[in-house]
Every structure is written in structure tokens, then in C-alpha cells.
Amino acid sequence: DPDRTQMTLRILDIVRSKIGAPYRWGAAGPSRFDCSGLIIWALIQLGVRLSARFTAAMFWNRCSRVAVPAPGRLCYWRNRAGRIFHVAVVSRVEGAHFWAIGAHGGGPTTTTDDAARQQGAQVFEKRFKVALAAGFTMLPGEAQPRELPDEPEPGEESGDPPEDWV
């Protein structure tokens, strides 16, 4: 599918361009990001209209789920309580592993550049086992262009701080 390939290449170029940018809890670019903020910023660059500040859980609840990772798809992790707490973009897949580009390593206490440096929190590419991911979704607007609604679905988390990191 040519549209899927173009969107995949574009989002990967966009998030790769931010590798090394510091993590900042609640930030959505253009120079600092948290995990969902990086996705928001990249989607805006792709022309997807977002009417609210989305969390990882909100993306999970609104995007079409897929069974396997593929470059350009979103990947997610759950905390011990079962809540989605982290999102990144799959950059490549090899066997039982995949690489994801995301704003990794920070959390609700990462509110300054010094805190980000101390925690090693920034946008980078990291390797994961496929089995450790909570799941994968297509990008918003990949199946059909649309504006994402700004109201949370009933029972949807507004964004829990990460309790652990895989």
C-alpha cells in the first residue's frame, strides 16, 4: 500500500530527527518530549489533527490494533496494574525483537533538563522483545484520515505515571 509506506517512512524520519532530544514530562515538542508528546508532535507534522493532549492509553484506545509489529506502527507497554503507560514508534523488526524510537527513561519527576540528564532520559532507539510489548496499533489516520476526538472514552486513563520500565 503506497499510502501506508509513505506514512511509515515519514513518521520514522520525523521521530529519528528528534533522537537525542531531552525527555520532559508533559512536553510535546519541538525540542523536549515525553513519550506521548513525541507521537503527538510527529502526527501533527504528518497533518493529523489532534484536538487534545493524548496520553499513551488514549492512543491505545483509539487506534486500530494489529497483531504484529511493523516499522511505523505504534507499540505500547503496560505497568504492573495493567494500565498502558508508554508508547513509541517501531523502527525495525528482527525475529523475536523489535526496535522502537521513543522518549524513554523519564517519568513525572523528569521536569528539568538536569533531571533528564541524571536519568538518561531522552529520545532514543531501543531494542525490546516482542513478547514484552502490550501490543501494537496502526497510526491514527492510517486507515482513513480523521480528527481524533478530544473526550476520553469511559474508563480511559488520563495518564498514569510509569511504575516500571521494561
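All residue numbers in this chain count up from 1 along the given sequence. Below, each value reflects all heavy atoms present in this structure, side chains not excepted, and no hydrogens, waters or symmetry copies.
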K.L.:
State which residues pass side-chain hydrogen bond (donor to acceptor under 3.5 Å, both in side chains) with Q45; sequence neighbours excluded, sorted by chain then number.
P.N.:
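For Q45 there are no side-chain hydrogen bond (donor to acceptor under 3.5 Å, both in side chains) partners, ignoring immediate neighbours.
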
K.L.:
Looking only at heavy atoms, which two atoms of A134 and I84 are closest? And how far apart?
P.N.:
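Scanning both residues, the minimum pair turns out to be CB-CD1, 3.8 Å.
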
K.L.:
When clusters are formed by joining ILVMFWY residues with side-chain heavy atoms under 4.5 Å apart, either directly or through shared neighbours, do M7 and V89 land in the same one?
P.N.:
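Per the 4.5 Å side-chain linkage, M7 and V89 are co-clustered.
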
K.L.:
When hydrophobic residues are tied together by side-chain contacts of less than 4.5 Å, even through go-betweens, does L139 share a cluster with L12?
P.N.:
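Yes; tracing contacts between hydrophobic side chains, which count when under 4.5 Å, links both residues.
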
K.L.:
Once salt bridge (charged side-chain N to carboxylate O under 4.0 Å, His left out) is applied, do any residues pair with R10, and if so which ones, sequence neighbours excluded?
P.N.:
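R10 satisfies salt bridge (charged side-chain N to carboxylate O under 4.0 Å, His left out) with no residue once adjacent residues are dropped.
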
K.L.:
Would you call the rings of W77 and F128 parallel, tilted or perpendicular, taking 30° and 60° as the class edges?
P.N.:
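Aromatic pair W77/F128 classed tilted.
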
K.L.:
Enumerate, atom names and distances included, each donor-acceptor pair closer than 3.5 Å involving a side-chain atom of residues 36-44, sequence neighbours excluded.
P.N.:
{"unit_1": "S36", "atom_1": "OG", "unit_2": "R53", "atom_2": "NH1", "d": "2.7"}
{"unit_1": "S36", "atom_1": "OG", "unit_2": "F54", "atom_2": "O", "d": "3.1"}

K.L.:
Heavy atoms only: give me the nearest S31-F33 pair and the separation to one decimal.
P.N.:
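It is C-CE1, 4.0 Å.
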
K.L.:
Hey, mind stepping through I101 and I19 against side chain to side chain contact (heavy atoms under 4.5 Å, CB included) and telling me if it holds?
P.N.:
CA-CA 8 Å; I101 300 171; I19 288 177; 4.2 Å; yes

K.L.:
Which is it for D34 and Y23 under the side chain to side chain contact (heavy atoms under 4.5 Å, CB included) test, yes or no, and what are the steps along the way?
P.N.:
CA-CA 5 Å; D34 69 5; Y23 182 100; 3.6 Å; yes

K.L.:
Please list, chain by chain and in numerical order, all residues satisfying ring pair (Phe, Tyr, Trp, His ring centres under 6.0 Å) with W60, sequence neighbours excluded.
P.N.:
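If we apply the ring pair (Phe, Tyr, Trp, His ring centres under 6.0 Å) test to W60, skipping adjacent residues, the hits are Y76.
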
K.L.:
Tell me every residue that passes side-chain contact (heavy atoms from CB on, under 4.5 Å) with V93, counting only those two or more places apart in sequence or in another chain.
P.N.:
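In terms of side-chain contact (heavy atoms from CB on, under 4.5 Å), with neighbours along the sequence ignored, V93 is linked to P69, P71, V90, F98.
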
K.L.:
Any salt bridge (Lys or Arg N to Asp or Glu O under 4.0 Å) involving residues 17-28? Give me the pairs, sequence neighbours left out, ordered by first then second residue.
P.N.:
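Sorted result for residues 17-28: R24-D113.
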
K.L.:
Show your reasoning for whether side chain to side chain contact (heavy atoms under 4.5 Å, CB included) applies to M138 and R73.
P.N.:
CA-CA 5 Å; M138 297 192 319; R73 298 264 163 91; 3.7 Å; yes

K.L.:
Is the backbone of A56 close enough, under 3.5 Å, to the side chain of H86 for a donor and an acceptor to pair up by distance?
P.N.:
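Judged by distance alone, no pair lies under 3.5 Å.
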
